[in-house]
Amino acid sequence: MTKRLEITDLVAGHKTRRGVVQAVAGVNLEIAAGETLGLVGESGCGKSSLARAVIGLNTPTSGALSINGDPMDMRRRGNHARDIQMVFQDPYGSLNPRLTVQQLVEEPLTVHRTRSKAERKTFVKALLDRVGIPEAMHDRLPHQLSGGQRQRVGIARALSLEPKILICDEPVSALDVSVQAQVLNLLVELQREQNLSYLFISHDLEVVRYVSHWIAVMYLGRIVEIGPVEEIWSSPLHPYTRALMQTTGNDAMGEGPEVKLNSELPSPLSPPSGCRFRTRCPLAIEKCAQEVPDLQENGKGHQVACHRAKEWSATVSAAA
Amino acid sequence: MDRQFWTYLGWRVLQSLVIIAIVIVGSFLLLHLVPGDMVDVLGGQRGDMDAELMATLRERYGLDQPVLVQLLNYVGSVLQGDLGYSYRNATDVLSLVLQRLPATILLVVCSVITAVFFGTMAGVIAARHAHRPIDVIISMIVLVFYATPIFLTGLGLVIVFSVKLKLLPIGGLITPGVDFSFLELVGDVALHLILPVFSLSLFYIAIYARLARASMLQVLDQDYIRTAYAKGLSTYNVIIGHALRNALLPVVTMVGLQIAELFGGAVLTETIFSLPGVGRLAYDAVFERDYPLILGVLLVCAFIIIVVNLIIDIIYTLLDPRVEISR
Amino acid sequence: MMLRRVLLSPAGMIGLVTLLLIVGMAISAPYLFPKGPWALVARPYLWPGSRPGIPFGTDALGRDILAGVFYGSRVSLLVGIVATVCALVVGITVGAIAGYFGRVADAVLMRITDAFQTIPGFLFAVVLVSILSPSISTIIFAIATVSWPPVARLTRAEVLRVRESEYVQSCKIIGMSAPRIILTQVLPNSLSPVIVAAAVLVATAIITEAGLSFLGLGDPNVMSWGTLINIGRPSIRSTWFICIIPGLFVVLTVLALNLLGDAINDALNPHLRKR
Amino acid sequence: MQEQEQGAALLDVRKLSVLIKQSSRQKVRAVDAVSFSVGVGETLALVGESGAGKSLTAMAIMRLHKAQSMGVEADSIRLDGQELSTLSDREIRKIRGSTMAMIFQDPLSSLNPVLTVERQLVEAIRLHNDMSAAAARQRALELLDMVRIPAAKSRLGEYSHRLSGGMRQRVMIAMALAGNPKLILADEPTTALDVTISAQILDLLRELQTELGVGMLFITHDLHAVRSIAHRVAVMYSGRIVETGNVEDVFSRPHHPYTEGLLAARPHGSFSLDGHKLREIPGTVPSPADRPAGCAFGPRCNRSQPDCESQPPSLRNETGARTSFACYHPLKEVPA
């Protein structure tokens, strides 16, 4: 069965004054129709670079993308605007301050010259109505809306071309808790209604757990662990995942090593040899510095990239 | 001074060289914009040159060569320090310019210092008392300075201080015909410079005052100022120890951008106060149609300005350790 | 709405009214002084206020200074506005291209801009006018040539800021073309500081024109404020009013333009002011 | 941690209000008569969403609010037995940085970019201690050690932009400790940090508090942080405290509908597995200018009755309830 979105061996980097940062160092991901892949990681782990490469804001160094099995032309990304769209983190910065709500949502349609003018108006009206923006607000400017309303407009804008894949880059982290819930509910409802696929990027594990079917954990440009949501939540195997889980007070995770991190992210300019996490890992052994751990299947689609994971996988999974 | 600093410096020097190259080529093109070449000008002035002599001269100065060859010759001679020959003054351009340069540099340096000192002081005081009477008064004075052309300031100062009050000399750099000791000479030059310096710097005092006020207000709104207050520092110490240096950064940038304009203003100031500087030299050259000399002045000024900008950039990196990353 | 905010501030109101008065002077000059600014009306060096009908006195040849000031406003405004428009067109184009496309375009255009900025502007204008021989159009050309670089710099900085904004990225994602993004997204959101700068640019152009005329490089066929000042200079010790009266009109115009510019700036950034 | 002994109140705030001048005539009560206290060695968390007035409350205690546009009213602000509200600006300056110190949200913008770590630390040390420059430098090293900065000596000459986010916040904490404070006001100190770093900073603050016995007012919107560091919590909504009590009690048996809604709005499970929608709180937090006359939460509350619109409920302690709350129709105790 072909997946809706397939990311194969994606490498992406950007230049800085001090050298080239390989922000995404060979990532493979796939998302099925109507499902959400949650991508978790801290700032600097490359999750935003991954999103930018997938959506076409950056050209990847190498790797391939395909939608429904059709490979994407990396140079003509405009052609894929109707397949894949993005919801931004900052509801203040992602809307042109000079356009009204109605214009903002209609803009993608005028660019692609879809529908007649009258049809566009009714379509936009219906769409805005669906995301919960009352008609009285359609002529307002972004600064006259609250943060939650702006994010609803951003979602409507992304959906106006009726894409099948939505990249959500930290869509709720700029919002207050009570508003977060509204936007998350909207996103999961829309997914069910339109059979959308989400690549949902966030640093907030609980939010990711709520919306996702699959979770991938990213560290310094690599996926260190990936699996179905309940697997990752109840039996995290990678020490980094376990450290992240501990910050959420997750008490469901199976018995395994307690990982407390003391240092900070090393410079992405010169990532550590072998396992990139080893400089912060209290469980690192000599092998970790020498060999890059590959993602290893651990049953039920649960994969982990850690040389030592086998030592505790039995106890962790048993408790779950 | 680590490696990053040197990379940055190397990069800036390279940039400066490119700019100098553009300026040299530009000035050559400008010279070609002049109707007729320099032999025509010379012939017109002397009036007694026959066609044969003109042809010989053209050959001698390579004026019969294709434009590209002329350009290469021009660039080559400029790089060797040969800026051409001023027939009017019967001297080579470079020595003429160098002879007049000290007066201009004195004027410009004094004006920059005056402008930065009074400008930032006024700006900081205004920001400290923002929206209160002192601020309003300073801002109004500054606005008037800002709107007054340099030559008008110069004339006004001459009328009031030289003609009416007879306090200061009306022009020149040194009182002629007097034998001064060194100290007396310094005093005499200083006295002669007061009016030119103020007429040139009043406008820039206004610019720096506005800039310093705006930048100070912005800095005072920063989080680290709040931190400084939270430590228990007094307002005075917060402003002097934490805000001033940050607020000065845009002023430093501005000085770099405006050095060129100051040299331009020197033309007017030197003309009004009959100072023996390069501005006055250029002014005279314009009316004598001495184009090699005019371009020589432009080139030398451009070169000085590029060097000054390089120095200012280095000062900036010393003032602001973040430069290396922001570039 | 913006005009209302400008008018609501006292500074903006004063600036606008003063400017309108000067525009009025420029329009009414031929009707009030049909004989033109060069006509001899009385004996030379007539002091202001000494004869009714010639309130500002006469110059070295007995020409009416008031008439000169009225006709001078036409030249000043014309040169100021046309030179500014030219500088804006060049500066915005260069800045927008350099800022939006970056890389090679940016490096080349910015080094050229640097080169222009390292040549003393006024001196450069003097040289250009003298080479091309003084006339209104060469003066405008020279002033525009020396005043576009700051516009280019400002536009580039703003374009860089807006280019990185998420709403521009979102337009790339919906498949909008680069020219359309520049015209509909980037420029509208980056030009407000340029508009403010334009007011100052007009003021600077007026000052530069006066400075050129003051040095004797004005258009010999038109009477400008600088021409009058130049006429009065040799007799500065005695009849200084010939220099000072037109000088004050320069100051007044420039002051009005700056007040207006500040008011527009405040009106464009209302939130900035509140904080 | 709950059993930790609570001494006499270190900080006692009575009816503190912060007024923001909207125009020459109009003032808005951004913080409306809040009262709370912090004991010696105790951490009180002020929790709420943006616009709740948490930061303003801390600023007002430190008297760091913008005096031009804001006014502070208080019946009393007592710190370590001393009344702060009547002190002159000069007197409060002596207390700032010594008896009470503050840590801010964004450590990058809160450190002066053009001064070294050493300059900023030594300045704080010498301001409140009579010390030679050499001794102050020594003390600066000690403080950096205390906040667990490795290779402290080499960090002294650094500028803030060269440090990582966590290091910067540690430097801020060291600076706050420079004057041996009795009370630390921490304004969202972990919000700008990554989760694993934020966990480290929380650990550090908790350890330092035990070591030094300081009291802490911890401001945050992060419920995890509250749970991990605070003894007691006060929930703020639109400038008022709506519920307060021990962390355990407030989190497990909230009585105010807002507290309960806030807790329920955080995701707890997985939608793809159980299909449970999150509990939404409709609408948004009102700005202080359009705060409704009665209970500020009334228009968003599913339990509101006509009497909620009359006047704002005050904090009260109902028998049988473990927390104090400001609500006319509180949630009843649910038998565990």
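Each chain gets a letter, A, B and so on, in the order its sequence line appears, and its residues count up from 1. Every value quoted in this text rests on a predicted model; they were computed, and no experiment measured them.
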In terms of heavy-atom contacts, does NE2 of H268(D) have more than 12 from other residues, nucleotides or ligands at under 6.0 Å? yes
Most chain A-contacting option - heavy-atom pairs closer than 4.5 Å, from L202(D), T284(D), L273(D), L223(D): L273(D)
For L184(A), is it the side chain, the backbone, both or neither that has a heavy atom under 4.5 Å from a heavy atom of chain D? side chain
If contact means a heavy atom pair closer than 4.5 Å, which residues of residues 35-46 of chain A contact chain D? E42(A), S43(A)
List in chain and number order the residues that pass salt bridge (charged side-chain N to carboxylate O under 4.0 Å, His left out) with D204(A), two or more places apart in sequence or in another chain; answer none if no residue qualifies. R266(D)
Counting heavy-atom pairs under 4.5 Å with chain D, the top scorer among V211(A), T248(A), L244(A) is T248(A)
I need the contact set between residues 143-152 of chain D and chain A: heavy-atom distance under 4.5 Å, sorted by residue number. none
Most heavy-atom pairs under 4.5 angstrom with chain A, which of A265(D), P282(D), A199(D), A225(D)? A265(D)
Looking only at heavy atoms and a cut-off of under 4.5 Å, which of H203(A), E189(A), Q180(A) has the most pairs with chain D? E189(A)
When the 4.5 angstrom heavy-atom criterion is applied to D203(D) and chain A, the contacting part is side chain
side-chain hydrogen bond (donor to acceptor under 3.5 Å, both in side chains) with N185(A): of E280(D), R279(D), K277(D), only one passes, and it is E280(D)
Counting only heavy atoms closer than 4.5 Å, note whether I197(D) contacts chain A via side chain, backbone, both or neither. both
What residue, out of S164(D), G166(D), G269(D), G165(D), has the most heavy-atom pairs lying under 4.5 Å from chain A? G269(D)
Cut-off 4.5 Å, heavy atoms of chain A, and the answer for E49(D) is both
How many angstroms lie between atom CG of D176(A) and atom CD1 of I281(D), to the nearest 0.5 angstrom? 10.0 Å
Can you tell which part of V229(A) gets under 4.5 Å to a heavy atom of chain D, answering side chain, backbone, both or neither? side chain
Closest non-hydrogen atom pair, S212(A) against S272(D): O-OG, 3.0 Å
Please report the closest heavy-atom contact between L278(D) and A181(A), naming both atoms and the distance. CD1-CA, 3.9 Å
Taking G283(D), G261(D), S198(D) one by one, which has the highest count of heavy-atom pairs under 4.5 Å against chain A? G283(D)
From R280(A), K260(A), Q246(A), E264(A), residue fulfilling side-chain hydrogen bond (donor to acceptor under 3.5 Å, both in side chains) relative to T196(D): R280(A)
Residues at least two apart in sequence or cross-chain that pass salt bridge (charged side-chain N to carboxylate O under 4.0 Å, His left out) with E188(D), listed by chain then number, are K54(D)
Within the structure provided, determine whether Q191(A) and F271(D) are in side-chain contact (heavy-atom separation under 4.5 Å). no
Tell me, yes or no, whether the heavy-atom count around E258(A) atom CD, taken from other residues, nucleotides or ligands under 6.0 Å, exceeds 12. no
